[in-house]
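Numbered from 1 within each chain, the chains take letters A, B, ... in sequence-line order. As the structure is a prediction and not an experimental result, all values here were calculated from the model.
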Protein chains: 2
Amino acid sequence: MDDMKHDPSNDSSGDAIEAYVLDEQIGYALRKANQRHMTIFGEKMLDGLTPTQFSALFRLVESPGPQSQNALGRSVAMDAATIKGVVNRLEARGLVMSRKDEVDRRRYVIEATAKGRELIKAAMPVMAEITEATMAPLTIAERRTILRLLAKLS
Amino acid sequence: MDDMKHDPSNDSSGDAIEAYVLDEQIGYALRKANQRHMTIFGEKMLDGLTPTQFSALFRLVESPGPQSQNALGRSVAMDAATIKGVVNRLEARGLVMSRKDEVDRRRYVIEATAKGRELIKAAMPVMAEITEATMAPLTIAERRTILRLLAKLS
DNA sequence: GGGAATACATTTGTATACTAATGAAAAGTG
DNA sequence: CACTTTTCATTAGTATACAAATGTATTCCC
């Protein structure tokens, strides 16, 4: 009888440490996949642009008009504190400009500069390379599948 | 002829800004899925244990003997600088202990305390909840698939 | 045995990322 | 119109994450 206490197969609730494989947990797997992608991104992207910086700048370049800082943040899934730092660094590098909104005086209006637009343009084929390198271990069908499943998780 | 310059369908190289959908990029999708998972984790996990802290502490609890700090880091995919901070915070909370290795005097040996082991034990059913909440949008088959594909990307 | 290469740990610096608190401006409501 | 709520932006604090530089200890190998 004493044996049962240490036999994981008797623990039907599944909360035994022995049965838990860290590498097969969704959070751990997401973190590691993201880690590898960011390494590839860092190796290939132009001018040391980071993934977040690329996302924010891309959104500014593709969108019709300028946007407020917070609105830009929401459109790339960054909170106010995070997007502030990103915009600051983009601005320090001359890729975006910000100015006070004259109508709504709480707001800052953020806009891509010509330099920022050109960098995004030049980065497009690089992004294709980054995607290819990241997705290389997957078949074409698997690439579609993982994007579909990740979208469901968001 | 002038029209062709602005028609994205003529750009067979696929590097036109218009054809690039940020939300469908692997990096962006990974970041957002990870973000949602970490929110769920933060809402449910005991004692404010973070995902990284949980991983490191879990590894210590499940492994037979104590480990050096760097070895522990490697086993949970964290570099030396990152694992140092994680171990410091775990130690400050009395969940792990570290001591100089008497054989190899470069090393610090890290070990889970009784308190750390009990926390991991108590966290196991919580992890099951976190996994369930994170995976909720997926069918059982899709859950298996995404874990398999994420593993391939790592 | 001794020099080169490697491994361990730390520190500094930069970049996300989120919480919570604050203050100012705008919007909504009775 | 006055009051409440919301929105915008900033700041401080905490926690990953990685690169690069440093110093010490160990291992490799001739």
Rounded to whole Å, the CD1-C1' distance (A:Ile83 to C:dC18) equals 14 Å
Out of C:dT11, D:dA9, C:dA25, minimum distance to the side chain of A:Arg107 belongs to D:dA9
* To do: Would you indicate, yes or no, if D:dA17 has its OP1 or OP2 atom less than 4.0 angstrom from a side-chain nitrogen or oxygen of A:Arg31?
  => yes
Closest to the side chain of B:Arg105, out of D:dT26, C:dA17, C:dA26, is D:dT26
- prompt: If you look at every strand shown and take non-hydrogen atoms under 4.0 Å, does B:Thr39 touch a base, only sugar-phosphate, or nothing?
  reply: nothing
From OH of A:Tyr108 across to P of C:dA26 the rounded distance in Å is 13 Å
Margin query: Under 4.0 Å, heavy atoms only, any strand: does A:Val109 hit a base, just the sugar-phosphate, or nothing?
Written below: nothing
- Message: Base, sugar-phosphate or nothing for A:Val87? Non-hydrogen atoms, less than 4.0 Å.
- Response: nothing
Worksheet entry | B:Thr52 vs D:dA15: side-chain N/O to OP1/OP2 distance below 4.0 Å | no
Please classify the nucleic acid contact of A:Asp104 as base, sugar-phosphate, or nothing, using heavy-atom distances under 4.0 Å. sugar-phosphate
Q: Answer yes or no: is there a donor N or O on one side and an acceptor on the other, between the side chain of B:Asp47 and the main chain of B:Leu49, under 3.5 Å?
A: no
Of the candidates D:dT11, C:dA15, D:dA15, the side chain of A:Lys84 sits closest to D:dT11
Quick one: do A:Arg117 and A:Glu111 make a salt bridge, cutoff under 4.0 Å? no
**Request:** Could you tell me whether the side chain of B:Arg106 has a donor or acceptor atom within less than 3.5 Å of a complementary atom in the base of C:dA7?
**Result:** yes
(Q) Is it true that, when you exclude B:Lys121 itself, more than 12 heavy atoms of the residues, nucleotides or ligands shown sit nearer than 6.0 Å to its NZ? (A) no
Are the side chain of B:Arg105 and the backbone of B:Lys100 linked by a donor-acceptor contact shorter than 3.5 Å? no
Lys/Arg N to Asp/Glu carboxylate O, B:Arg143 vs B:Glu132, below 4.0 Å
yes
Atom CG of A:Leu57 and atom P of C:dT16 are separated, to the nearest Å, by 12 Å
Among D:dT16, D:dA19, C:dA9, the one nearest any side-chain atom of B:Asp79 is D:dA19
Check: Contact class for A:Thr82 (heavy atom, under 4.0 Å): base, sugar-phosphate, or nothing?
Finding: base
Looking only at D:dA19, D:dA9, C:dT16, the nucleotide nearest the A:Asn70 side chain is D:dA9
task = Give a yes/no on whether any side-chain N or O of B:Gln35 is located under 4.0 angstrom from OP1 or OP2 of C:dT16.
result = no
B:Gln53 CD to D:dA17 C1', in whole Å, measures 14 Å
Testing C:dT19, C:dT16, D:dC8 for proximity to the side chain of A:Ala81, the answer is C:dT19
Next item on the list: Would you tell me if any nitrogen or oxygen in the side chain of A:Thr50 comes within less than 4.0 Å of OP1 or OP2 on C:dA15?
Entry: no
